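Presented below is the structure to which this report refers.
Treat the numbers as computed from the prediction; the structure is a model and nothing was measured. Residue numbers start from 1 in every chain, and the chains themselves are labelled A, B, ... in the order their sequence lines are given, proteins ahead of strands.
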Amino acid sequence: MKIATYNVNSVNARLPVLLDWLKETQPDVACLQELKAVDEKFPMEDIYAAGYKAVWKGQKSWNGVAILTKKQHSVKVISKELPGEASDEQSRYIEAEVNGILICCLYLPNGNPVPGEKFDYKLRWMERLNTRANELKHYHLPVIITGDFNVIPQEIDAFKPENWINDALFKPESRAAFEKIKGDYWTDAIRHLHPNEVIYTYWDFFKGAFPRNAGIRIDHFLVSPSLKDKLKAAAVDKHVRSWEKTSDHAPVWIEIE
DNA sequence: ATGGCATTTAAAAAATGA
């Protein structure tokens, strides 16, 4: 079973790229972030024609998350929001049971500039995620928490870490919150399978970042203990980042036995 | 120290991203 995450940076602007990638990689599950579309503008019919059904939570202009699955898989939405802040109206979280696995698809707040209200929101959001992740330790199914975490976990995960020291993605508070969520329960699947490899999932649109491979690793998979030994493979579909009209993120996937 | 790019909304230029 192949599970992917892909920050598409506008599902409609990226539709041809998304469909080509689905056709090529054929993930069983694809978690999407940054739909940048209201629910009614989600391109359900094109995605269905490509062999997938979907559940999603959109929002005007910004954010928005979706879980795509191949048509034969069973899907049951558990939640379309992250509990803990009733006034939060940003569409950044969706959770669904897919074929006996709980899939949590998230788009964690960027948090810049630092300091400021946005950084405070990011840290509150991570505290809420920590609470939910702790609850899910007792869930009756295996769990995968995946998406755009907007956190660079370690120095190895940035082309030039010194450029990021004042950035919300690499601030000690953000990294500590990520480590706290992960704890000794969840496994960072990409890093687990490739302990010493330089792996990036995002490259700036400007500064010629992609040709220079000036990237960062911010799209992650946290898997529950029963899945850790079932991890067969993990990779970034890096070549997709070079396609026309592509996102600044590349798709990332793991394969589970 | 700054801007470089891409997208949305909406009709020019601002906001957002990471």
Side-chain angles (χ1 to χ4, degrees), chain A residues 5-19 21 31-43 56-66 88-93 105-123 125-126 129 146-178 190 198-220 236 238 240-252:
Chain A
T5 186
Y6 187 15
N7 180 322
V8 290
N9 188 354
S10 172
V11 71
N12 286 303
R14 228 59 73 194
L15 189 57
V17 166
L18 173 63
L19 296 175
W21 168 71
C31 296
L32 307 183
Q33 301 87 34
E34 276 207 271
L35 305 178
K36 292 190 172 182
V38 293
D39 282 342
E40 298 74 29
K41 291 289 177 72
F42 185 82
W56 65 92
K57 183 172 184 188
Q59 181 185 326
K60 188 179 181 184
S61 305
W62 315 116
N63 309 317
V65 286
D88 185 1
E89 297 190 335
Q90 301 190 25
S91 299
R92 295 180 175 276
Y93 191 82
C105 168
L106 64 87
Y107 174 44
L108 210 147
N110 171 304
N112 282 304
V114 182
E117 168 54 33
K118 291 185 174 180
F119 190 54
D120 297 341
Y121 173 63
K122 176 177 194 155
L123 295 179
W125 207 95
M126 294 187 82
L129 181 60
T146 187
D148 178 358
F149 281 70
N150 267 318
V151 175
I152 302 166
Q154 299 177 300
E155 296 204 342
I156 192 180
D157 298 312
F159 177 75
K160 216 172 170 186
E162 59 268 36
N163 284 353
W164 295 92
I165 50 173
N166 292 316
D167 193 286
L169 278 64
F170 196 55
K171 272 282 176 187
E173 298 94 319
S174 308
R175 296 168 63 194
F178 182 78
I190 304 288
V198 170
I199 298 172
Y200 302 139
T201 65
Y202 167 92
W203 299 259
D204 244 316
F205 279 127
F206 36 94
K207 297 184 284 196
F210 187 64
R212 293 187 295 122
N213 197 30
I216 51 177
R217 188 175 75 97
I218 56 175
D219 300 275
H220 307 301
V236 179
K238 190 174 173 182
V240 175
R241 181 60 180 77
S242 69
W243 291 356
E244 285 292 311
K245 292 282 284 179
T246 200
S247 170
D248 39 9
H249 296 249
V252 190

Q.
I need the CG-P distance between N7(A) and dT16(B), as an integer number of Å.
A. 17 Å
Q: Can you tell me, in whole Å, how much space there is between the P of dA15(B) and that of dA10(B)?
A: 14 Å
Mind listing the N/O atom pairs, protein and nucleotides 3-6 of chain B, below 3.5 Å?
| from | atom 1 | to | atom 2 | distance (Å) |
| --- | --- | --- | --- | --- |
| dG4(B) | N2 | K207(A) | NZ | 3.4 |

(Q) Once you apply a heavy-atom cut-off of 4.0 Å, does K118(A) come out as touching a base, just sugar-phosphate, or nothing? (A) sugar-phosphate
Q | Separation between the C1' atoms of dA1(B) and dA14(B), rounded to whole Å | A | 22 Å
Q. Taking the P atom of each, how far is dA6(B) from dT2(B), in whole Å?
A. 23 Å
Q | By ring-ring contact (aromatic ring centres under 6.0 Å, His included) - contacts of F170(A) (at least two apart) | A | none
Q: May I ask you to say what I216(A) touches in the nucleic acid, namely base, sugar-phosphate or nothing, with a heavy-atom cut-off under 4.0 Å?
A: sugar-phosphate
Q. Closer to the 5' end of DNA chain B via nearest nucleotide, is it G111(A) or L35(A)?
A. L35(A)
Q.
Holding to salt bridge (charged side-chain N to carboxylate O under 4.0 Å, His left out), I want the full list of residues that pass it with D157(A), two or more places apart in sequence or in another chain.
A. R191(A), R217(A)
Q | Length of the line joining Y107(A):OH and dT7(B):P, which is rounded to integer Å | A | 14 Å
Using a 3.5 Å cut-off and no angle test, enumerate the donor-acceptor pairs between side-chain atoms of residues 162-169 of chain A and protein atoms at least two apart in sequence or in another chain.
| from | atom 1 | to | atom 2 | distance (Å) |
| --- | --- | --- | --- | --- |
| D167(A) | OD1 | N112(A) | ND2 | 3.0 |
| D167(A) | OD1 | L169(A) | N | 2.9 |
| D167(A) | OD2 | N112(A) | ND2 | 3.3 |

Q: Please state the C1' separation for the pair dT9(B) and dG4(B) - nearest whole angstrom.
A: 23 Å
Q. Within this structure, what is the CG-to-P distance between N63(A) and dT8(B), rounded to whole angstrom?
A. 14 Å
Q. Rounded to the Å, how far apart are D167(A) CG and dT16(B) C1'?
A. 14 Å
Q.
Between C1' on dT16(B) and CD on E117(A), what's the gap in Å once rounded to a whole number?
A. 16 Å
Q. Could you state the CG-P distance from N150(A) to dG17(B), rounded to the nearest angstrom?
A. 9 Å
Q) Taking CD from Q59(A) and C1' from dT8(B), how many angstroms apart are they, rounded to a whole number? A) 12 Å
Q.
Suppose we screen for side-chain contact (heavy atoms from CB on, under 4.5 Å). Which residues come up paired with F159(A), at least two apart in sequence or across chains?
A. Y200(A), R212(A), A214(A)
Q | Protein-nucleotide distance (W62(A), atom CH2; dA14(B), atom P), rounded to Å | A | 14 Å
(Q) Let me confirm one number: the CG-OG distance from L32(A) to S10(A), rounded to the nearest 0.5 Å. (A) 11.5 Å
Q: Would you indicate, yes or no, if dT7(B) has its OP1 or OP2 atom less than 4.0 angstrom from a side-chain nitrogen or oxygen of S10(A)?
A: no
Q: Evaluate the side chain to side chain contact (heavy atoms under 4.5 Å, CB included) criterion for residues K41(A) and L35(A): first the C-alpha distance (whole Å), next the side-chain angles of each, then the deciding distance (0.1 Å), finally the verdict.
A: CA-CA 9 Å; K41(A) 291 289 177 72; L35(A) 305 178; over 6 Å; no
Q.
Using the side-chain contact (heavy atoms from CB on, under 4.5 Å) criterion, which residues pair with Q90(A)? Sequence neighbours excluded.
A. Q59(A), N63(A), D88(A), R92(A), Y121(A)
